[in-house]
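Contents: one structure, followed by commentary.
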Amino acid sequence: MDNTADILREVAAAIRAPDLDRAVRLAETALAEGREHALLLNLRAWRLERDGLYLDALADLKQARALSPRDVPTLNALGLCLARLDRTAEAVEAFEAAVAVDPDFAPAHFNRGWASEALGDLDQARASLERAQALNPNDPAPLAHLASLAARRADWTSARSLAERSLAGDPNQPTANLAMASVELAARSLEAAERRLRDLLARQDLSPIDRALAGGLLGDVLDAGERPADAFAEFAAANAILKPLYADRFAGPGIETAADVLAWLIAYFETAPPRAPHSPSAGPSPAAGHVFLVGFPRSGTTLLERVLAAHPDVAAWDERETLTEAVRDFMANPRGLDRLAGAGDQVLADYRADYWRRVAAGGVEVAGKVALDKLPLNTMKLPLIARLFPEAKIVFALRDPRDVVLSCFRQRFRMNASMYEFLTLDGTARFYDGVMRLAALYRARLNLDLHTHRYEDLVEDFDGQTRAICDFIGLPWRAEMRDFAATLDDRATATPSSTQVARGLYREGVGQWRRYRDQLAPILPVLAPWAERFGYRRE
């Protein structure tokens, strides 16, 4: 058949039949004969993805986009392929391009929704999912993801309603079942939540990610039912599912792991002399003040951020990476740190400008306010922060190391190189030990204006601790800070702490590790020196 139009008609007929295998065979034959068309490339890419050949599929989809830049199915398929390759930011761009061409194409809105959620942009996720649901009201999937977002906000009424609507259309919808189990856990309907999750885990068609999420949530349910040994087993099993899924990306041959980065940073600063203060001013700033809230994940940074964000003179944003370019250029290896030490004022000014552009791009208005940048593991980047922003205040958040490590091990984080370390108990403890060793070196070697804050002290003496932090930052204390939980409203929060922060202050998070003493026994010697150093009782 010589006419490409005839071939496309035959392919289209096979798709309508539906006989997708025949459509793919026809497409592959036509491509082998030298014919080019976006539909043909799309079909071959579909087969390549089915066979796990994602990079080959991506090449076909990029070629299809070049041939037909405004073809919505191609843009949508490209986004899905990029997401499967963990290139989520690029996937969102492809979905946005599809929506720009056809604002009524519901699948692209839905895909942009869950991809934005994966990136932590929960406001965009919610808007995209609501649009997808409006365009296709009977589709259970957008409702399920909206229910999940509502659960993350601790909006249990909305989460239940959305999950029920999704499950009415598809009782097996995994995301809706997970959201409903979260609702049941919050309502202390532990038997119902456990039954729902065990039924979900019994399914053979459950994806590995959903299986890990269900197992981790089951661990939370068992923890609430005072069954710590069973809960810990579920946390470990969930992490064991995730570890091989991400091994090639974060721990494969030739990959520099987060632990590797820590090791060379420690080695570098163990021999580095104390740094003399650099220029006393970083030049004009769009903000009236600048604070970096650092420490370690699960150390109470989200709680403290929300407390400070309730102050009318504070502008905060939720764990967004703002030092991207500077980290890439100055903290990739020891040579970069050497360049950082010798960088001139104009070079540093360009990186500061990039930082503030990223803040503004997130929709944060800092003019006349204290800019609060909270990202716990910015602890590792303190040399960069000290060089770029010598006038910035550093608040270093602490919590009992044993509670921190337990909490990191049991959480389901968005995966990156650092969070990958949390998939084993030993890896979590050793990563904590490394970050604290590095922080101690920084305090000895760098010129930091730093205030140490303990989570447990805030719980016991809220007014006293918040007054001390306000004094350090240079802000007048405000009574509105006591009502931080009430001011959250629908504010999207990407961290696992969001539902806990919505409860306000509570003491149940203090000393949880004691219930897991037997399970934590192998790593307690690693943490004991830090517990003692930070003033926690040795037990």
Side-chain angles (χ1 to χ4, degrees), residues 54-55 58 82-91 118-120 209 239-272 292 294-298 319-343 351 354-355 358 375-388 404-405 408-409 411-442 445-446 523 526:
Y54 297 117
L55 289 175
L58 181 62
L82 287 164
R84 292 184 180 108
L85 286 165
D86 288 323
R87 294 164 61 172
T88 313
E90 295 173 74
L119 285 178
I209 295 292
N239 287 352
I241 292 170
L242 294 174
K243 193 169 178 62
L245 292 181
Y246 294 97
D248 287 347
R249 185 175 178 190
F250 299 119
I255 299 293
E256 184 178 58
T257 68
D260 292 335
V261 173
L262 264 181
W264 71 253
L265 282 170
I266 290 169
Y268 184 96
F269 282 95
E270 280 179 335
T271 57
F292 286 88
V294 303
F296 198 84
R298 307 300 295 168
E319 294 202 6
R320 290 177 183 165
E321 179 56 68
T322 47
L323 293 162
T324 307
E325 298 297 326
V327 168
R328 183 196 64 196
D329 293 347
F330 292 126
M331 295 203 70
N333 51 52
R335 296 184 303 279
L337 286 174
D338 291 339
R339 289 196 306 274
L340 177 65
Y351 286 100
D354 179 74
Y355 172 92
R358 289 178 182 275
L375 194 63
L377 286 176
N378 268 349
T379 298
M380 297 171 65
K381 304 165 192 170
L382 283 174
L384 183 60
I385 291 169
R387 193 74 174 90
L388 289 178
V404 169
V405 167
C408 287
F409 179 71
Q411 290 301 321
R412 277 76 65 197
F413 293 96
R414 283 184 291 133
M415 197 58 62
N416 59 35
S418 296
M419 302 305 104
Y420 186 81
E421 301 295 326
F422 298 164
L423 295 179
T424 65
L425 186 62
D426 181 71
T428 309
R430 297 200 178 280
F431 193 64
Y432 179 91
D433 175 65
V435 170
M436 292 304 116
R437 287 173 59 199
L438 185 62
L441 285 169
Y442 287 165
R445 302 286 195 275
L446 304 176
I523 54 91
V526 176

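Just so you know, these numbers use all the heavy atoms, side chains as well, and skip hydrogens, waters and symmetry mates.
When each of P376, S418, C408 is tested with F296 by the rule side chain to side chain contact (heavy atoms under 4.5 Å, CB included), just one qualifies, namely C408.
A centroid separation of 6.0 Å or more is found between the aromatic rings of F422 and Y246.
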L375 and R320: CA distance, side-chain angles, deciding distance, side chain to side chain contact (heavy atoms under 4.5 Å, CB included) verdict: CA-CA 7 Å; L375 194 63; R320 290 177 183 165; over 6 Å; no
Audit row: Y268, N333, side-chain hydrogen bond (donor to acceptor under 3.5 Å, both in side chains) steps and yes/no: CA-CA 10 Å; Y268 184 96; N333 51 52; over 6 Å; no
Residues I523, D426; criterion side chain to side chain contact (heavy atoms under 4.5 Å, CB included); working and verdict: CA-CA 6 Å; I523 54 91; D426 181 71; 4.3 Å; yes
E321 and K381: CA distance, side-chain angles, deciding distance, salt bridge (charged side-chain N to carboxylate O under 4.0 Å, His left out) verdict: CA-CA 11 Å; E321 179 56 68; K381 304 165 192 170; 2.7 Å; yes
Pair L265-L441, side chain to side chain contact (heavy atoms under 4.5 Å, CB included): steps then yes or no: CA-CA 10 Å; L265 282 170; L441 285 169; over 6 Å; no
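Y442 and F269 have perpendicular rings, their planes meeting at more than 60° on a 0 to 90° scale where under 30° would count as parallel.
Taken to the nearest 0.5 Å, the CZ atom of F409 stands 5.5 Å off from the CG atom of L425. Taking CD1 of I385 as the start and CG of L323 as the end, the distance is 5.5 Å to the nearest 0.5 Å.
Between L262 and F431 the shortest side-chain heavy-atom distance falls below 4.5 Å. M415 has its side chain within reach of L423: a pair of non-hydrogen atoms, C-beta onward, lies under 4.5 Å apart.
One N or O on the side chain of D260 and one on the backbone of T257 form a donor-acceptor pair closer than 3.5 Å. Formation of a donor-acceptor pair under 3.5 Å by the T379 side chain with backbone atoms of G295 is found in this model. Of the possible donor and acceptor atoms, none in the side chain of D329 sits under 3.5 Å from a partner among the backbone N and O of G336. Under the 3.5 Å distance criterion, the side-chain polar atoms of R387 are matched with a main-chain donor or acceptor of L340. Not one N or O on the side chain of R249 forms a donor-acceptor pair closer than 3.5 Å with the backbone of I255.
Remark: R437 engages E270 in a salt bridge, criterion side-chain N to carboxylate O under 4.0 Å.
Heavy-atom neighbours of R328 CZ from other residues, nucleotides or ligands within 6.0 Å: above the threshold of 12. Other residues, nucleotides and ligands contribute over 12 non-hydrogen atoms within 6.0 Å of the CZ atom of R358.
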